[in-house]
Amino acid sequence: MRLGASVSAAAVELERPRDPAHGDVATNLALTLAKSLTQKPRAVAERLVAALELPQGLVREIAVAGPGFINFFLAEEQFASVVAAVLAAGARYGRSDAGAGKPVNVEFVSANPTGPLHVGHGRQAALGDAIAALLEWTGWQVTREFYYNDGGVQIVNLARSVQARIQELRGRTVPLPEGGYHGEYIREIGERYLARHLEDPEGADLEAVRRFAVRELREEQDRDLQALGVTFDVYFLESSLYASSKVEKTLRQLVAAGHTYEKDGAVWLKTTDFGDDKDRVMRKRAEKGGDYTYFLPDVAYHVDKWERGFSRAINVQGADHHSTVTRVRIGLQALDMGIPTAYPEYVLHQMVTVMKGGEEMKISKRAGSYLTVRELVDEVGRDAVRYFFLMRRGDSHLVFDVDLAKSQTEENPVFYVQMAHARMSGIFRVASRAPDAVVPQGADVGMLHQPEELELMKELAEFPAMVAGAAQALEPHRLTGYLEGLARITHAWYHKYRVLGEPEETARLVLAAAVRRVLGNGLGLLGISAPDRM
RNA sequence: GCGCCAGUAGCUCAGCUGGAUAGAGCGUCGGCCUCCGGAGCCGAAGGUCGUGGGUUCGAAUCCCGCCUGGCGCACCA
């Protein structure tokens, strides 16, 4: 083409217009070229269209519209072909390989073993697991990792809290330590400790109490995660960083790199050299116990991730911990090890408010001051919990409507999407056919011309790009939004047309199988069941 | 005071990395309906995208100021 400007293929942006009247694919190429050509965008568009050579049978119509968009209307056969593609790929439809098998570490939940998981952890568990799954779907080799801060003062507080409850059980009233844990579960741990440690009837052995309490709570958290259906590949203990001297080694390296100093008996890292607003203490002065602040083991931990070969690491955290982001990154920079400045990546999520009967649910019987994940799962079920935690952007506060999550109506988005899947399955049940065994051969999908049918095909075609986009942006909520949209068209189609006993039966069965497949793949990716009947 | 996040329909929220007339669900209003599978279907009204500037062919989206709300600003994690 001679236009007086050079255009590389990569610079040509194609998009799917919102408005169907603007075609199936559109490009703004003429608008971006107009300036350098000093011509009107529409004129440029006309020349582009005139010069365009496209393969036969691909496009039905090309139009120049609006300020200078070029809109392409695809031939209907193009839509029909996607149905065959879905069925051929089956459970793999939607997968791609942008990650090329490279390793990525996704760290999430990472709760201290000091109590049951609360609803904020639940959001994080759903989010982290979905992000991990999205990365797997786009070709990354994912490790799901849980980091236990089992080394700090809060663990000592936990042990002392249990000791205090043990004293109470022995008939003595002892005040809880400052910063202690108040939940009913602390007393339960005390009871179990007494039952199993007959050699220590007073709970005098603080170290034994600590070990027991941590193990009990880790098991409890495991049960919480099981209730959500979330599993991890690696449980990383902060204490192991001390055992392997990696914390000390990191400190030595930071000192050697010249970004530290001593003041008031404490060791500081000059984080201000890297843009922080004040320097941070790495080792407390002797009067404060002389041990490390959380910050140094955090840095050591990420060095460890890097050295384990994770050139990419993603941390899912509550936004209340966002101040750690810059500090951990600065710590890694100060080591001068060639770790990228944006390592690790962070996905921060806002708080969760749980509403029931128009009132906020805050208090848990067992945990005391906060509502636990398990209580929520018991109340509304795993699928609804996962879906509701995923259907909003992490950046926005999440209002969890328990009544809606429990409702068996189409107002409930989980129910709505699952129902679409169940309806597609129902057709096959009535037809006594196995939906997975349906093959496109012999079915003329091209005979389906109803607007809902073409819309369904377009939507099915979008799925892989949508998954890829959600994975790249680390935004699972795009997938829930997509599924609701697909379910909407599915319901509309289902209500308006019959499948069985119609002349289009064979073709529609193939379409139904493809729709069912994509709904199932999407739900499965998010860890939500896709029932065949409800 | 400083930093991060948010502010879009009455409510809950999308808006695909700067595109065309800003969308969905619920709620409201007006009509249908009982069908492979359930309170289902169709349509309508409803917006100064917090606010004031700026950048450009074009801004909810990018930049600056301000307002409101949330979360942080420890020798706690």
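The sequence lines fix the lettering, A, B, ..., with proteins before strands; numbering per chain opens at 1.
OP1 or OP2 of B:G15 has at least one side-chain nitrogen or oxygen of A:His477 nearer than 4.0 Å. Taking only side-chain nitrogens and oxygens, A:Lys263 never comes nearer than 4.0 Å to OP1 or OP2 of B:C75.
For the contact set between residues 455-468 of chain A and RNA chain B, defined by any heavy atom under 4.0 Å, there are no members. Of the residues in residues 383-405 of chain A, those lying under 4.0 Å from RNA chain B by heavy-atom distance are A:Arg392, A:Arg393, A:Asp395, A:Ser396, A:His397, A:Val399.
If you check every strand for non-hydrogen atoms under 4.0 Å, A:Met419 touches a base. Residue-level contact check: A:Arg533 touches the bases, meaning some heavy atom is under 4.0 Å from a base atom.
Atom CG of A:Asp24 and atom P of B:A20 are 17 Å apart (whole Å). Spacing between atom CG of A:Asp291 and atom C1' of B:A77 amounts to 13 Å, rounded to whole angstrom units. Counting to the nearest Å, the P atom of B:A77 and the CD atom of A:Glu107 are 16 Å from each other. Distance CD (A:Gln317) to C1' (B:C71): 13 Å, rounded to an integer number of Å. As a whole-Å value, the separation of A:Asp277 CG from B:C73 P is 11 Å. Atom CD of A:Glu475 is separated from atom C1' of B:C13 by 14 Å (rounded to the nearest Å). A:Gln350 has its CD atom 11 Å from the P atom of B:G7, to the nearest Å.
Rounded to the nearest Å, the gap between the C1' atom of B:C64 and that of B:G19 is 24 Å. B:C26 and B:G46 have their C1' atoms separated by 14 Å, with the value rounded to a whole Å. B:A44 sits 49 Å from B:C2 when the P atoms are compared, rounded to a whole Å. Separating the C1' atom of B:A60 from that of B:C49 is a span of 5 Å, rounded to the nearest Å. Taking atom P in both B:G65 and B:G23, the straight-line distance is 32 Å, to the nearest Å. Only the C1' atoms considered, B:A24 is 15 Å distant from B:G47, to the nearest whole Å. B:U68 sits 38 Å from B:G30 when the C1' atoms are compared, rounded to a whole Å.
Side-chain atoms of A:Glu61 and A:Phe72, non-hydrogen and from C-beta on, never get closer than 4.5 Å to each other. Counting heavy atoms from C-beta outward, A:Leu176 and A:Tyr181 have side chains that stay 4.5 Å or more apart.
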Donor-acceptor contacts, no H, no angles, side chain residues 481-489 of chain A, under 3.5 Å, sequence neighbours left out:
residue	atom	partner	partner atom	Å
A:Tyr482	OH	A:Glu459	O	2.7
A:Glu484	OE2	A:Tyr387	OH	2.5

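Where A:Glu238 and A:Pro17 each meet RNA chain B at their nearest nucleotide, the meeting point lying more 5' is that of A:Pro17. Both A:Ala26 and A:His322 lie near RNA chain B, and the one whose nearest nucleotide falls closer to the 5' end is A:His322.
An anti base is found at B:U34: its glycosidic angle is more than 90° from 0.
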Report the C-alpha separation of A:Arg280 and A:Trp268 in whole Å, then their side-chain angles, then the decisive distance to 0.1 Å, and conclude whether the side-chain contact (heavy atoms from CB on, under 4.5 Å) test is met. CA-CA 6 Å; A:Arg280 307 290 166 177; A:Trp268 298 69; 5.8 Å; no
Residues A:Val438, A:Phe428; criterion side-chain contact (heavy atoms from CB on, under 4.5 Å); working and verdict: CA-CA 10 Å; A:Val438 169; A:Phe428 292 94; 3.4 Å; yes
List the steps and the verdict of side-chain contact (heavy atoms from CB on, under 4.5 Å) for A:Glu107 and A:Tyr301. CA-CA 11 Å; A:Glu107 182 206 327; A:Tyr301 174 43; 3.3 Å; yes
Could you run down nucleotides 39-46 of chain B 5' to 3' and tag each one B, S or - for protein heavy-atom contact under 4.0 Å? -SS-----
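Of the candidate nucleotides B:A77, B:U17, B:C75, B:A77 has the atom lying nearest to any side-chain atom of A:Gln154. When the nucleotides B:A77, B:G25, B:A74 are ranked by their closest atom to the side chain of A:Tyr294, B:A77 comes out on top. Taking only side-chain atoms of A:Phe69, from C-beta outward, the nucleotide of B:G72, B:G19, B:C75 with the closest atom is B:G19. Nearest to the side chain of A:Arg327, among B:C36, B:A77, B:C75, sits B:A77.
Interface remark: the A:Arg478 side chain does not form any donor-acceptor pair with the B:C16 base, using a distance-only criterion of under 3.5 Å. Judged by distance alone with a 3.5 Å cut-off, a donor-acceptor contact links the side chain of A:Asn71 to the base of B:A20.
Without hydrogens or angle criteria, A:Asn71 side chain to A:Ala26 main chain gives no donor-acceptor distance under 3.5 Å.
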Could you list the protein-to-nucleotides 55-63 of chain B atom pairs, N/O on both sides, closer than 3.5 Å?
residue	atom	partner	partner atom	Å
B:C57	OP1	A:Lys35	NZ	2.9

Each base of RNA chain B marked ( ) or [ ] if paired in-strand (Watson-Crick or G-U under 3.5 Å), | if paired to another strand and . if unpaired gives (((((((..((((.....[...)))).(((((.......))))).....(((((..]....))))))))))))....
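Ring planes of A:Phe146 and A:Tyr235: tilted class, angle from 30 to 60°.
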